[in-house]
Participant: 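Here it is, the structure in full.
In what follows, every heavy atom counts, from backbone to side chain, and hydrogens, waters and symmetry copies are set aside. All values reported here derive from a predicted model rather than from experimental measurement.
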Amino acid sequence: MCSRFCWRQFHSGCIRAQEAQQKLINNPQSLKLTNPIPNSYPSKKELSRKHKPSKNEFETTTGSDIVKLNMAITTHMRNGQCESALRVFNSMPSRSTVSYNAMISGYLLNGKFDLAREMFDKMPHRDFFSWNVMLSGYVRNKNLTAARALFEKMPKRDIVSWNAMLSGYAQNGFVDEAREIFEKMPFKNAISWNGLLAAYVHNGRIDDARRLFESKLDWDIVSWNCLMGGFLRRKRLADARRLFDKIPVKDEVSWNTMITGYAQNGELEEAQRLFEESPSRDVFTWTAMVSGFVQNGMLDKARSIFDRMPEKNSISWNAMIAGYVQCKMLDMANELFEAMPCRNISSWNTMITGYSQSGEVARARNLFDRMPLRDSISWSAMIAGYVQNGYSEEAVHLSVEMRRDGEKLNRSSFTCALTACANIAALELGKQLHGWLVKSGYQTGCFVGNALLAMYCKCGSIDEAHDAFQELSDKDLISWNTMIYGYARHGLVGVLSACGHTGLVDKGTEYFYSMSQEYGITAKSVHYTCMVDLLGRAGRLDEAQNLMRNMPFEPDAATWGAVLGASRIHGNTELGEKAAEIIFKMEPDNSGMYILLSNLYAASGRWPDVSKMRLKMRDKGVKKVPGYSWLEVQTKIHTFTVGDCFHPEKDKIYAFLEEMYMKMKHEGYLSSIKMVLHDVEEEEKEQMLKYHSEKLAVAYGVLSVPTGRPIRVIKNLRVCEDCHNAIKYISKITGRLIILRDNNRFHHFKEGSCSCGDYW
DNA sequence: TTAGGGTTAG
């Protein structure tokens, strides 16, 4: 409702500007009247030069002068030029109440709420217009408390004031309050009756609307159209049609509403029949048909109507463009977009969404950057585009920028930004978003609430996830699933994998069997994989293979991956090779597995095989996913790669690591060189190890995260053995809690040991 | 010259 209403404001301004422009083209003489510019006003001097007026005549000239300038203010305001309007206002030798009213109304039209109020407060004399303009301004901004306060303060109310208050309640879902105003009104007109009718219609109380409609006979055409539209929105086509047929004198809107209703409900034949039958067709009628065909996926039909349209506005163009976007025909959409004479924000937004949904984020961003004006939808479309295409960091940055730019985050951008935080485990940013969310009043909605839950779950804050879950007022299926999934990761699968990681094989086996026997949960592939992993890590490779043979389904690549991992730990090259071969067949592009096998060869010193593996990867075009780590410091994300030389504080970080190595060696640390896969000199190997991304990130964390707060580092791959060992030492020497999330689990390093018990 | 209700697009 909100964006729709604001949009209409924008749109009507846009149309008016277009109309003014068209008038100018057709009739340049109309320039003075429709679009006066400040310089063209006749000055007092000029006026007196033309004819010497008598005192009376001079006063009348001044009066009409004020009227002209008032009109100039309105024109500037309608074109969105508040400053030009203010210049006119300030240059006026004397002003009438209308001058002030026009300024207030203009400011409100352009969303400059404080300026409007300032003008209202300082004007010397207020008439009905002043109060009503201000009142409807509050209503339009959905500030009903302020609207009601102003309404109560009014020295006198007329029918417009009562109606404005009534529609304010009606449009914002306060049907009972609207009804109360309606009943208190000392006088009512058609607008008041329609106001209440619309309150019912727009808040889903269609049967109340029908009863109201039946309680009185002399409804005007707007009321008929309104009730008919209500039936159509609830897909009650027959009721709508009965009403349509009974309308005493139909107007164009009646036809358009009925045609749109048929078109949007897939009854295109009936829509077309009425379209042919209707006495006159305007741009609405044509656009309704275009969007009807678009919504039913009939692009060619839509296009042929579109091409036949005698007159198009931006809405018609946008409908057609949106059609192509929905069908992923981006080239066609772009062709129209480029050809469009009057693009508005929506045209840009549609294209941005289109490119994002087709994975072309760069093109979407290019459009976003080129936009002359953005609204909250532009921002959220771009943020969603980033998240959906895996650019979580960019999404988070953009949502911060959005706020900085003065645009309030809407539900959609909150949802996307929280999802992005979840993906990169940016807990601090996520918490900050949570704070903004509470302030914005969106916290109870399901979509946002679920995203918040998922964020806390994936950042490893299961307690905060639980709190967020408790606070969620309407929990839907997704909320429950998210929470169960959260517990599962820290609980069910978590229990199994924790057993694997701490070597409690028998306990794990017990849980595995009790799952189905006591709790009736059918073990899925993930559970089997956990069990294979569990047995494999413990060196019980035969049992692991036995379990795989007895699985009720074929083992997948992940299960074989567990075998390969276990083979590496226990140096079983033969089994590792077998597992790798199967995995390569299932997932030829899985670079992780190539690396794992390559590691296996390296660990047993089979360097020629390592080289062969590398060549094979190159031939197959498999790229090694580069390892990187990141952490959040004061809501900024810092990313590191091995031997990183781009970070602005790299000198400090390297110096710190050198110092740390001295202390670590003193404490007994030895680097595990066998983990470096290349066949290079020992010393060089050690150098590479020293600057792995996770070490750099941890070092930066120690330097920049305030003492007493945990250092949270995330790595996209599994943490390497040497880093794991080194971080234990670092936690001991610095006395810091270091929490590392790698792509498998959370590691809590504290006082020289890790929560995984060195199994991972 | 300035204020209140209905229909079409993202």
Side-chain angles (χ1 to χ4, degrees), chain A residues 3-4 7-8 10-11 63-64 66-75 77 96-106 108-109 127-137 139-140 158-168 170-171 189-199 201-202 219-230 232-233 251-261 263-264 282-292 294-295 312-323 325-326 344-354 375 377-378 381:
Chain A
S3 56
R4 190 189 157 97
W7 175 253
R8 282 179 59 179
F10 169 79
H11 177 245
S64 79
I66 292 182
V67 170
K68 274 186 191 157
L69 294 174
N70 289 345
M71 286 167 74
I73 290 177
T74 304
T75 310
M77 285 299 199
S96 63
T97 305
V98 176
S99 324
Y100 284 91
N101 291 345
M103 282 301 295
I104 296 170
S105 157
L108 292 170
L109 184 72
D127 61 7
F128 271 124
F129 272 89
S130 329
W131 287 96
N132 289 341
V133 167
M134 204 58 222
L135 180 65
S136 59
V139 164
R140 225 181 288 152
D158 65 0
I159 182 86
V160 175
S161 333
W162 282 98
N163 284 344
M165 200 62 236
L166 168 60
S167 70
Q171 283 162 10
N189 63 8
I191 295 178
S192 329
W193 283 92
N194 283 345
L196 184 61
L197 187 75
V201 166
H202 292 147
W219 290 95
D220 70 9
I221 185 65
V222 175
S223 331
W224 286 88
N225 292 340
C226 179
L227 184 61
M228 188 170 66
L232 289 171
R233 267 192 295 276
D251 68 347
E252 249 177 18
V253 176
S254 318
W255 288 91
N256 291 342
T257 307
M258 200 61 226
I259 291 171
T260 309
Q264 287 189 339
D282 63 3
V283 67
F284 285 102
T285 333
W286 285 92
T287 308
M289 287 308 295
V290 170
S291 51
V294 159
Q295 280 166 22
K312 301 177 183 85
N313 62 16
S314 54
I315 297 172
S316 339
W317 284 88
N318 288 346
M320 198 61 233
I321 293 177
V325 162
Q326 274 161 31
N344 58 20
I345 300 192
S346 179
S347 331
W348 291 85
N349 290 351
T350 309
M351 289 304 297
I352 290 176
T353 312
D375 62 7
I377 297 173
S378 328

Participant: Under the side chain to side chain donor-acceptor pair (under 3.5 Å) test, which residues partner A:Ser223, sequence neighbours left out?
Facilitator: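 A:Ser223 satisfies side chain to side chain donor-acceptor pair (under 3.5 Å) with A:Asn194, A:Asp220 only.
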Participant: Is A:Ala198 touching bases, backbone alone, or none of the nucleic acid, heavy atoms closer than 4.0 Å?
Facilitator: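 Nothing, no nucleic acid heavy atom in range.
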Participant: Might you work through the side chain to side chain donor-acceptor pair (under 3.5 Å) test for A:Ser346 and A:Asn349, ending with a clear yes or no?
Facilitator: CA-CA 5 Å; A:Ser346 179; A:Asn349 290 351; 5.7 Å; no
Participant: Rounded to the nearest Å, what distance is computed from the CH2 atom of residue A:Trp193 to the C1' atom of nucleotide B:dG6?
Facilitator: 17 Å
Participant: What nucleic acid atoms does A:Asp158 come within less than 4.0 Å of, heavy atoms only: base, sugar-phosphate, or nothing?
Facilitator: base
Participant: Among all residues two or more places apart in sequence or in another chain, which pass the side chain to side chain contact (heavy atoms under 4.5 Å, CB included) test with A:Ile159?
Facilitator: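 If we apply the side chain to side chain contact (heavy atoms under 4.5 Å, CB included) test to A:Ile159, skipping adjacent residues, the hits are A:Asn163, A:Met185, A:Phe187, A:Asn189, A:Ser192.
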Participant: Please confirm whether any donor atom in the side chain of A:Asp220 sits under 3.5 Å from an acceptor in the base of B:dG5, or the reverse.
Facilitator: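 Side chain to base: pair present.
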Participant: Has the side chain of A:Asp375 got a donor or acceptor that lies under 3.5 Å from a partner of the other kind on the base of B:dG10?
Facilitator: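 Check passes, donor-acceptor contact within cut-off.
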Participant: Looking only at side-chain N and O atoms, does A:Thr260 come under 4.0 Å of OP1 or OP2 in B:dT8?
Facilitator: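 Answer is no, no contact under 4.0 Å.
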Participant: Which residues, if any, of residues 251-259 of chain A bring a heavy atom under 4.0 Å of DNA chain B?
Facilitator: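 Result for residues 251-259 of chain A: A:Asp251, A:Val253, A:Asn256, A:Thr257, sorted by number.
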Participant: Which part of the nucleic acid, if any, lies within contact of A:Val98, taking any heavy atom under 4.0 Å across all strands shown: a base, the sugar-phosphate backbone alone, or nothing?
Facilitator: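 Result for A:Val98 = base.
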Participant: I'd like to check the side chain to side chain contact (heavy atoms under 4.5 Å, CB included) partners of A:Thr260; sequence neighbours left out, ordered by chain and number.
Facilitator: A:Gln264, A:Ala288
Participant: What is the distance from CD1 of A:Ile66 to C1' of B:dT2, rounded to the nearest Å?
Facilitator: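 Distance check: A:Ile66 CD1 to B:dT2 C1' gives 14 Å.
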Participant: Indicate whether OP1 or OP2 belonging to B:dT8 is found under 4.0 Å from a side-chain N or O atom of A:Gln264.
Facilitator: no
Participant: A:Phe284 on top of B:dT8's base, within under 5.5 Å and under 30°?
Facilitator: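 Base of B:dT8: not stacked against A:Phe284.
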Participant: Are A:Trp224 and A:Trp219 an aromatic pair, judged by ring center distance below 6.0 Å?
Facilitator: no
Participant: Among all residues two or more places apart in sequence or in another chain, which pass the side chain to side chain donor-acceptor pair (under 3.5 Å) test with A:Ser316?
Facilitator: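 A:Ser316: side chain to side chain donor-acceptor pair (under 3.5 Å) contacts with A:Thr287, A:Asn313.
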Participant: Could you state the atom-to-atom distance from CG of A:Leu135 to C1' of B:dT2 in whole Å?
Facilitator: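 For the pair A:Leu135 CG and B:dT2 C1', the rounded distance is 15 Å.
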Participant: Grab the CH2-C1' distance between A:Trp317 and B:dT8 for me, whole Å please.
Facilitator: 17 Å
Participant: Listed by chain and number, what are the side chain to side chain contact (heavy atoms under 4.5 Å, CB included) partners of A:Thr257, not counting sequence neighbours?
Facilitator: A:Met228, A:Leu232, A:Val253
